[in-house]
Amino acid sequence: VNLLRRWVGDPILVGLALLLTLFGVAMIYSAGVLNVPSPVVERAWLRQLQWLVVALVAFAVTIRIPPRWIEWGALPAYLFGVVALGAALAVGTGAGPAESVGRWLVLGPIRFQPSEVAKIAAILGLARYLASREVPPTNLKDLVLPSLLVGVPLGLVVLQPDLGTALAFVGVLFAVLYWAGTPPLHLFLLASPGLALILSFDTRVWSAYFVGLLVAVYFLRFRLYLVESVAVVLGNLAAGTIALPVWSSLADYQKNRLLVFLDPGMDPRGAGWNLIQSKVAIGSGGLFGKGFTQGTQKRLDFLPEQHTDFIFSVVGEELGFVGVAVVLLLFGALLYRLVQMAERAPDPFAGLVLFGIFGVWLVHIFINTGMTVGIVPITGIPLPFLSYGGTFLVTCWVLVGLAVRMAREE
Amino acid sequence: MKSAHPAARRARAQGAVLILGALLLILLASFFRSQVVRGTAWALQADSNRLRVLPVPAPRGTIFDRYGEVIADNVPSYSLSLFPAPVDSVASVLARLQPLLHLSDERVEGLLETFRSNRRQPLLVKMNLADEEVAVMEERRADFPGVFLEMRPRRRYRGGEALGHVLGYLGEVSAGELESPSFEGYERGMIVGKDGIERQYERLLQGSHGIRFAEVDAVGRIVGSFQGQAARPALPGQDLHLHLDLELQRYIHEIFPPGMRGAVVALDVEDGGVLALYSAPSFDPGEFVGGISRQRWQELNEDPDEPLYNKAVMGRYPPASTWKLASAAIALEAGVIQPEERMPIPCYGSYTFEGRTARCHRAEGHGHQNLAGAIATSCNVYFYQMGIRVGLDRLVEEGHRLGFGDRCGIDLPREMVGIFPESRDYWQRTWGYRAAENEVMTMAIGHGPNDQTPLRMAQFYLALARDGDAPAPRILRDEGAEIEPAWAMDLSPESLEALRDGLRAVTRPGGTAFLRAALQHWDIIGKTGTARVFAHRPAHAWFSGMAGRWGGPAEIVVVVILEEGESGSAAAAPIAAKAADFHLRRKYGIPVDTIQTLWEHNVAGIPAPWAWNRDAITLPELPEAVADEELPESYDPSLLQGPRPPATGPRPRPVPPGGSLVQGERPNR
């Protein structure tokens, strides 16, 4: 056990991650079993296995990096991530179904998604900044810089445009701020403009919300600076009123996805197709599923992107609710383990990094699985460890390595 | 930043776990609701997602002739259809199919037009694919999403041109037909009868199509077998047994003078069943199966000989002398003449009544004649006087009662009504003058406003053969139906015998049709007729007669019209005689011979002593009539209802085969 501990650091976390990855390879294999075979999807599981080897090497390297290096390297890494994102926007290429999108960077033989690197960079950069502060942020002004730290890469990712990954940055921001000791009230106030943005699609709902917010700010007047109150109110007002211009600036597919979230039946072959097919596949899986590789919706190619973003629909169709519950509980255990590790973290930086990782994965898992069953809008966001994708798998394992490394520092 | 107090860290960790737990619970609850609570509904949707309902075409009923020979049946064939899809994708698939299936540009355009008019049902692209085409499509199935091959029964007609008019032809049901009540329950794309028996008994023959499910993938490609499983098998249409004799029909087609227009109707005296119904020139209904080319359809339509018109039931000709039997029957029934009575004024070649002088066809005249003699010589002067006795009003009224202004009610869709005045008003209405009493002279010899179909004349002679009553001629043998006379003449046996004696004299030594019509085994009697419609064109030749065993009742009635055939005795009579001989020989089991009439014996140099001295020859005992093999089933009367043509009006145009079946033809809407 000690040997194992020396080699992998935290056997529970690494074991869970490995279990999920191998399960993912199996599901990717199943996703390739189609009635009318597609050569790309059919052999994806083999490539995923190759990527797993790369990922494990990356993991092994990561857990051997001295923690000091990580702390020192945090800011340079952050800057590199932001520059890479900028470069991707300028010279990046698209791939697969998203060909017109600047998501990929090619460096010699390596082709990667800088947004994945930027996720790690944002976690490290934010953790580094907050760890260097004397006291936890207690007012909204203290939140401006952290928000900017995350906001820059987030904005670049939104420009790509990649709504799903952008949400992961939001997850990082709130998780890290939370662990840093920011009062929940302030976190809510920070989030309130975003909430106002979402609610502004219905003027009446937004008005009610805004009145409620004003009342709340009034009662909280002794706990907030005047500037804060004004900023929150103005921010909400702005979010509520700029929503429409923002809406019209969204790409058509983004608009469609949001609309389809509200009414999936509106265009079965267009934007709603993915959601409806996913729901049909999952729903028809029933309690025990149709059996491994036996999913009819998947086999007949009704499921879109069944080996990447919608891999969880294959789980739902073939393994049923039982399989879904097991996978979700495994994810839950993984995240719970991260919280445990953060609680026992030897220093504030380690805890903040661990919570950053927690935030990223929580957003990924909740949004990805939630969209397959139709409780959140469809955003192109992969499921950690399960979805096919080289850069993403390597990133996940680097994050595992980072978590193990930070937690183990003595 | 200093490390937070352990208690604070614990509290934050608990908060994080709480949030994590809440989110997990939301997810689990959503999946539980979707998969367990509403799982069945989604499973159903999954099936409907991947299963497409396809119709399984039912084979049309087989049609048998009176001897159980197959007239029309089905053979399997492949057809190719497209699932409904956006118009653009249908267009692109069609464009790629075009070279593989050898479709013309016009055809592709027509198909797109058809598809645009109804985008929700599969589009039938091509029927009766060649084997190579089937092989190519099977091989390249993955390249053609939404395309499916299916086995469809294909109609096969054994009679070819011999039976074109009676059987009619098939075509895709048209939009107009779908709206009519007689096509209730039909769906677009179905193949229906357009004319003839196929149209008349459409409901019986159609059957009902079955349903099968085919598993398809997301882009509509059928996965696995093209055939799929049948969830409900197709119900084949009912078989039909007809009175028709396929061989007789073929024989008539063979002996009919090539290149001539005309018609032949042969009826069974026993029940009014139609033994043969032929119209020349004819067409092959097989040409319509699977779509007739636009060019061929045009050819058939524009042919001056009008091959698409069934002249036996749609052609209307002045009956001329063959109608003299009708006026004689009316006179006898009215009691104004006696069979043996001679007319007071002998025939001197002409007759004058009310200032109008009408001539006989023989300038020297026929002298004093009784009824039989007048029929034998076709003496006009006798019939002028007879008609005057009957009177115009009575002649017209009685003629109407005998159905000359009405349909026979044969089970064919487009029978025409004969032209016959219903009263004196007819003259007023049509030509604007009051009919004088002397019009009766013209009417009595079968001229004037009197045009009859060959079928109508056949029905009248059928009444003569049946001692006065005339059932509606039927093509379908329906054992359940009773034979009801459409009308009846009240004639004494002597009167009937006198009429038949007149007919007999025509074909006996000395009669006009003796040489051309006399037969060795059978007693054939009949009346010739010559109807000149246009002064400078040859006259139409009629022969209406009946034949049976010597000394027995007549068993078959045959009517022949030969347009511009010039002579009833030389042109029309031999066709009737040969057809009757053919039928009776088959009926009594005597080997069929092509040398049948006296004329043919003479030409072939075969002695025919039977023609001159019948009493000297003892004919071998004839075998009893050969019993029919099987009795056909009886039919659901509600399904026997054919289309009802309008009572009056112009001659209907041929029904186009419709839909996408006429290649390049626009669907009729």
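Below, chains carry the letters A, B, ... as their sequence lines are ordered, and counting in each starts from 1.
- For A/Leu362, the part lying under 4.5 angstrom from a heavy atom of chain B is the side chain only.
- By number of non-hydrogen pairs under 4.5 angstrom with chain A, the leading residue of B/Ile19, B/Val36, B/Leu20 is B/Leu20.
- At most 12 heavy atoms of other shown residues, nucleotides or ligands fall within 6.0 angstrom of atom CZ in B/Arg10.
- Contact check for B/Phe31 versus A/Leu328: side-chain heavy atoms found under the 4.5 Å cut-off.
- Neither the backbone nor the side chain of A/Phe349 has a heavy atom closer than 4.5 Å to any heavy atom of chain B.
- Proximity of a side-chain donor or acceptor of B/Gln35 to a complementary backbone N or O of A/Gly283 within less than 3.5 Å is not detected.
- In this structure, chain B has no heavy atom under 4.5 Å from any part of A/Tyr129.
- The closest side-chain heavy-atom distance from A/Ile375 to B/Leu27 is below 4.5 Å.
- Residue A/Val373 comes nearest to B/Ser34 through the heavy atom pair CG2-CB, 3.8 Å, listed as atom of the first residue, atom of the second, then distance.
- Side chains of A/Val324 and B/Phe32 form no contact here, defined as non-hydrogen atoms less than 4.5 Å apart.
- The minimum heavy-atom distance between B/Leu28 and A/Ala325, with the atom names listed, is CD2-CA, 3.7 Å.
- The two atoms that bring B/Leu24 and A/Gly332 nearest to each other are CD1-CA, 3.5 Å, heavy atoms only.
- Looking at B/Ala11, only its backbone comes within 4.5 Å of chain A, counting heavy atoms on both sides.
- A pairwise comparison of heavy atoms in B/Arg9 and A/Trp179 identifies O-CH2, 3.6 Å as the closest pair.
- Interface remark: A/Phe355 contributes side-chain atoms only to the contact with chain B (heavy atom separation under 4.5 Å).
- Summarising the local packing, OH of A/Tyr336 is surrounded by 12 or fewer heavy atoms from other residues, nucleotides or ligands at distances under 6.0 Å.
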